[in-house]
J.: 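One structure coming up, written as structure tokens, with questions to follow.
Index from 1, following the sequence. What you are looking at is a predicted structure, and each value in this text was computed from that prediction instead of being measured.
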Amino acid sequence: MDIRSMARQLKDGNSDDNWQRRIIEPRENAFLRINTNSEQMLVDVERNLNEFGKLYASNTFPGTSTVEAPAQMGIHVENSLTLITRDVDGKARKTGGDPVEVELQLVALDPHLTQNRLADAHRKRAEDEVKNIRVVDENDGTYHLFFRLTQPGDYEISVKIFGRPVANSPLAFRIDSFHAYDWQMPVTFKYPTKCWWDEPTKRMFVLDSGNKRVRVLRDNGDVITDVRNDEFKSGTVGMVYLGNEELVVLSWQRKMLSKLNTRGEILKAVQFSEFYQPTDVAVDSRGRFVIADKTKIFIFDSNFKPLLSFPVRETKGAEVKCVGVGLDDDVIVGTTDELLLYDGAGKMLRKLNVSPPGTVMPKVGGRFNITTVTCDVTTGQIVVIFTDKKMDRTNIGVISYKGDFLYSIEPGPHEKFMAPCGIFVHKNKAFVTDFERNTVRSYKYK
């Protein structure tokens, strides 16, 4: 209502009596109501807060929080440091949500990288890699700081919470060119040859050849049972676990493939006259058994009936040492000279490189002796243990499925492989059985 309208209505005595009330009443409602149902009120408040967001209060004190590093870290694999947050009294926090800032820096590369013509390239790569650090909040007061570096040397990391450095920041650490094993089965074996980790039951099966048994254990070394049978007295060299408490073992002396249960009872066996010197066995996704012989590969169906065989003749004089199953049931063959990939029907697909481009190779024969091989089906990478016959050095090698050499995992100076003959990969770990060390150890390989 404007001023002119108000003036006209004041002069007009016959106008509507309600006009005065309309002047003093607001045009919007101003109604307030109190909710006396306290239970429903709390539900409504909680719902509204959840829809809007959450308010956190943190009593983390950077001056008592610390970063911890493992005793040893190596190149090529994903390493991690642990940030442990504490309150002002030094008591460990139980929740996360703190604003964590991290900065990783190169201090100095190892001398052998700085004293060659590629020194600038090595430094540039290291400086690029330190930018890729990942912080994972475990929501229990700890944070993991993940990174992957390929250049050995000295590094340091700075960590801040609320913009203030933690107690031991910056923290200096080394990245080595070698790798220490991160776990060893705390049990003594005698000439172990193969191992198998069964994730659903959290059990490890170890073919303990010298003791003529398969030992079934927890990862803490607790022995669950020993599988025994006379079959283990005849030179057992291969083993796979099929699930449902069933194992398949391969005997080179009796030239026999046998299936037995964890009670040691033979369920099926075949003695095959065409075997010359069988050395290894693997199982594919169709339940077929792939057997490495001295110069051949045999494939049996799940009922132990022979399906096909094919010779391995790519290098004259080389002997087949091991076999694995790749993607789409391809067959990976390791010989005393090289690593080869065949399809499931025995057609040669390609050679796989176990050394960087430019490696000097001998004019006759191969340089690398392949002792055991497997495939990480989650990544398609082939993981192999090989010996460089020229350098007399045995490492774990990681190779792309296309055949490109990616990197190698070299054991520590006092932890060299002696006679590795079995490898099994699970998550980011490679479990290695060493015949002469009488050990089963795990190494981080990715």
J.: Around Asn220, counting heavy atoms of other residues, nucleotides and ligands shown, do more than 12 lie under 6.0 Å from its CG?
T.: yes
J.: Mind checking whether Glu231 and Ser251 have side chains closer than 4.5 Å, heavy atoms only?
T.: yes
J.: Answer yes if the side chains of Asp434 and Thr439 hold a donor-acceptor pair under 3.5 Å, and no otherwise.
T.: no
J.: With no hydrogens and no angle check, is any side-chain donor or acceptor of Thr114 less than 3.5 Å from a backbone partner on Leu109?
T.: no
J.: Supply the atom-to-atom distance Leu171 CG to Ser158 OG, rounded to the nearest 0.5 angstrom.
T.: 9.5 Å
J.: Does a sphere of radius 6.0 Å around CG in Asn116 hold more than 12 heavy atoms from other residues, nucleotides or ligands, not counting ones at 6.0 Å or beyond?
T.: yes
J.: Salt bridge between Glu245 and Arg263, side-chain N to carboxylate O under 4.0 Å?
T.: no
J.: Is Arg203 salt-bridged to Asp219, going by a charged N under 4.0 Å from an acidic O?
T.: no
J.: Would you mind checking if Arg367 and Asp388 are paired as a salt bridge, meaning a charged N to carboxylate O distance below 4.0 Å?
T.: yes
J.: Can you tell me if OH on Tyr191 sees more than 12 non-hydrogen neighbours from other groups inside 6.0 Å?
T.: no
J.: The test is side chain to side chain donor-acceptor pair (under 3.5 Å); show your working for Asp182 and Ser442 and say whether it passes.
T.: CA-CA 6 Å; Asp182 57 11; Ser442 76; 2.5 Å; yes
J.: Salt bridge check, Asp337 against Lys389: does any charged N sit closer than 4.0 Å to a carboxylate O?
T.: yes
J.: Taking CH2 in Trp252 as the centre, count heavy atoms belonging to other residues, nucleotides or ligands within less than 6.0 Å. Is the count above 12?
T.: no
J.: Should Ile423 and Val383 count as side-chain neighbours, where that means a heavy-atom distance under 4.5 Å?
T.: yes
J.: Salt-bridge test for Arg288 and Asp301: reply yes if a basic N is under 4.0 Å from a carboxylate O, no otherwise.
T.: no
J.: Return the CG to CD1 distance between Asn229 and Ile266, rounded to the nearest 0.5 Å.
T.: 4.0 Å
J.: Trp183 and Phe431: aromatic ring centres closer than 6.0 Å?
T.: yes
J.: Say whether Thr150 and Arg125, considering side chains only, have a donor N or O and an acceptor N or O under 3.5 Å apart.
T.: yes
J.: Would you call Val320 and Val333 a side-chain contact if the rule is heavy atoms closer than 4.5 Å?
T.: yes
J.: On the ring face of Phe232, is Arg213 found with NZ or CZ under 6.0 Å from the centre and within 45° of the axis?
T.: no
J.: Before we go on, tell me: are the rings of Phe424 and Tyr443 under 6.0 Å apart, centre to centre?
T.: no
J.: Tell me whether Lys124 is salt-bridged to Asp128, with the criterion being a basic N under 4.0 Å from an acidic carboxylate O.
T.: yes
J.: Output, in order, the C-alpha distance, side-chain angles, deciding distance and verdict of side chain to side chain donor-acceptor pair (under 3.5 Å) for Glu199 and His426.
T.: CA-CA 8 Å; Glu199 178 64 17; His426 174 63; 2.8 Å; yes
J.: Could you check Thr60 against Arg93 for side chain to side chain donor-acceptor pair (under 3.5 Å), going step by step and ending with a plain yes or no?
T.: CA-CA 7 Å; Thr60 296; Arg93 297 257 294 127; 2.7 Å; yes
J.: Using distance alone, with no hydrogens and no angle criterion, decide if Ser209 and Thr193 have a side-chain donor and acceptor under 3.5 Å apart.
T.: yes
J.: Hey, is Asp230 close enough to Lys233 for a salt bridge, meaning N to O under 4.0 Å?
T.: yes
J.: Nearest 0.5 Å, please: how far is CD in Glu138 from OG1 in Thr95?
T.: 13.5 Å
